[in-house]
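Working notes for the structure below.
Whatever order the structure lists them in is the order used to number ligands and atoms, beginning at 1.
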Amino acid sequence: MRIAVTADVHLVAGDDGHPERLAALRNILEQLPTLEIDRLIIAGDLFDRDLQGYGEFETLCNAFPDISIEIIPGNHDPSLAPDHLLTANITVYSEPQLVDRDGRQLLFVPYAGGTKMGEVIDRFRGELSAGRWILVGHGNYGGGLSTPHPHEPGVYMPLSRRDIDHFEPALVLLGHIHVPTTQPPVHYPGSPCGLDISETGPRRFLILDTDSGSVTSQPIQSEVVFLAERFVILPAEDEAERLRTEIARRIATWPIAPEMRDRVRVRIDAVGYCENREKIRDVLQQGFAEFQCHDGAPRLNHLQVDQNPQLIALAGRVRDEIDRVDWNWSDDEPEREDALLAALAILYRTESAS
Ligand SMILES: [Mn+2]
């Protein structure tokens, strides 16, 4: 049996409440019949707030009566209960529950504030088949994921590496982190549509195969894909030409399928120093003309003008030096552009614009 998994849809009530989120969920449901899947798990934060937004969701579910939808509450909708949703094909687990799917145990652990996931799992320890069972929950995995939740600092219903070693799930499927994240055996499907410009990149849902106990990713055709590009500009005669080349290079590396390019909404930042701000703005607008610009125009608040020939020459030499360094470091290290910005701040005796 194959089961689709998503989380963190963050539906908002009303017609003006982020229709792209509901549309992304609809896209998942629309894909399922073709994939011969008739079951969808939503691992928490289906709703952005407690006790609202049910109507639009019910209407959507009614349009897919052959798909069974299983939901756990998340930290945004912790009160969600079975009697809140009236559609026949929905199951809400407001209490932890162990269910069997084709000989595979799935433990649904609804979000509960002030609780650790291990405490809940422990109540089922006698029933769990080690190395075989699958956890569905909502919270933080403490095993060293380097992506903290930008909107929600703090720790929510944590699952530790020790819990995994101790209880030996075959797979862990979690909601809470909105960026699609994979750190086996833990998988966050991520939000089906980025919630705002801070949640960039294309989106996916997961397909769980209960036979093999493995997951695969399936792309979501969301209405919006947020992206952000920041350019560090150095004053130079060829500053516009350099920028033009860099824009083309960046766009070429976007992980965006051709049919999704018209859904891109990109935030464009230029920081640093230039000889001609107007020209930089024009090059940015031309370079991204094919795409929707998130803020209406490139943001140049941190781009300053420099016409001091000595500083310009010095800045060019600093860039050449920085270019020569091998920046292929680990995740938490600064990137080449961060180093360049910090160096420029020293040269120009200003606050770093990063
Ligand atoms: Mn969430």
Taken in chain and number order and not counting sequence neighbours, the residues that satisfy salt bridge (Lys or Arg N to Asp or Glu O under 4.0 Å) with Asp38 are none

Provide the atom name of the closest N, O or S atom of His178 relative to the Mn ion (ligand 1).
NE2

So which N/O/S atom does Asp8 have closest to the Mn ion (ligand 1)?
OD1

Same hydrophobic cluster for Ile41 and Leu98, using side-chain heavy-atom links shorter than 4.5 Å among ILVMFWY?
no

Side chains of Asn75 and His176: is there a donor and an acceptor less than 3.5 Å apart?
yes

Are Arg204 and Ser217 close enough that a side-chain donor and a side-chain acceptor fall under 3.5 Å?
yes

May I have the angle between His10 NE2 and Asp45 OD2 with its vertex at the Mn ion (ligand 1), rounded to 10°?
90°

